[in-house]
Amino acid sequence: MPTFDLSISSLRELNTALHQVEEGNNDIHFDILNPRGHHAVAVGIAAHLTVDIKGSVGYYCAGMNDGADIVIHGSAGPGVAEN
């Protein structure tokens, strides 16, 4: 299970990894730690993934999502899951 700590990794690294999961890959559960209110977390996902975000996020988290299950364990700003 890939884990991204956004206090260490960049938001771009996270979103790139989420976009590069190939069909048939069994490693489809992602944990995101310390989102610290970042905007545009886990956006534009076009695969059947499970993403657990442990903390609060800002605007547009999970936007333009096509098939992923995204759970936010915290609060979210306006535009969450806007498609």
Side-chain angles (χ1 to χ4, degrees):
M1 166 180 0
T3 299
F4 283 84
D5 185 338
L6 292 181
S7 68
I8 300 168
S9 300
S10 73
L11 185 58
R12 182 175 300 237
E13 289 172 312
L14 166 65
N15 284 327
T16 297
L18 292 171
H19 296 162
Q20 291 179 343
V21 175
E22 295 180 8
E23 191 166 330
N25 188 334
N26 290 330
D27 209 2
I28 59 170
H29 188 117
F30 286 75
D31 274 342
I32 302 172
L33 309 174
N34 301 310
R36 302 176 308 169
H38 280 299
H39 305 297
V41 176
V43 297
I45 300 172
H48 295 287
L49 305 177
T50 300
V51 180
D52 278 325
I53 302 172
K54 307 226 170 39
S56 297
V57 293
Y59 298 103
Y60 305 116
C61 177
M64 297 173 52
N65 175 19
D66 185 20
D69 293 320
I70 300 173
V71 178
I72 301 167
H73 302 274
S75 60
V80 68
E82 186 174 298
N83 289 306

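Since the model is a prediction, treat every value here as computed from it, not as a measurement.
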Out of curiosity, does [Y] fall in the hydrophobic cluster containing [X] (side-chain heavy atoms, cut-off under 4.5 Å, transitive links)?
X     : Y     : value
Val57 : Leu33 : no
Ile53 : Tyr60 : no
Val41 : Tyr59 : no

Could you pull out the closest heavy-atom pair between [X] and [Y], with the gap in Å?
X     : Y     : answer
Pro35 : Leu6  : CA-CD1, 3.9 Å
Gly55 : Ile72 : O-CG2, 3.6 Å
Ala17 : Phe4  : CB-CZ, 3.4 Å

- Message: Nearest 0.5 angstrom please: Lys54 NZ to Asp5 CG, how far?
- Response: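 One gets 11.5 Å once the value is rounded to the nearest 0.5 Å.
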- Gap between atom CG of Leu18 and atom CG of Leu49 - 0.5 Å precision: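 Atom-to-atom, Leu49:CG and Leu18:CG are 6.5 Å apart.
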When you compare the side chain of [Y] with that of [X], does any pair of heavy atoms fall below 4.5 Å?
X     : Y     : value
Pro2  : Asp27 : yes
Asp31 : Met1  : yes
His39 : Leu11 : no

Output yes when a side-chain donor or acceptor of [X] lies under 3.5 Å from a complementary backbone atom of [Y], and no otherwise.
X     : Y     : result
His19 : Val43 : yes
Asn15 : Ala40 : yes
Ser56 : Ser75 : yes

- Task: Output, in order, the C-alpha distance, side-chain angles, deciding distance and verdict of side-chain contact (heavy atoms from CB on, under 4.5 Å) for Ile45 and Ile70.
- Result: CA-CA 10 Å; Ile45 300 172; Ile70 300 173; 4.0 Å; yes
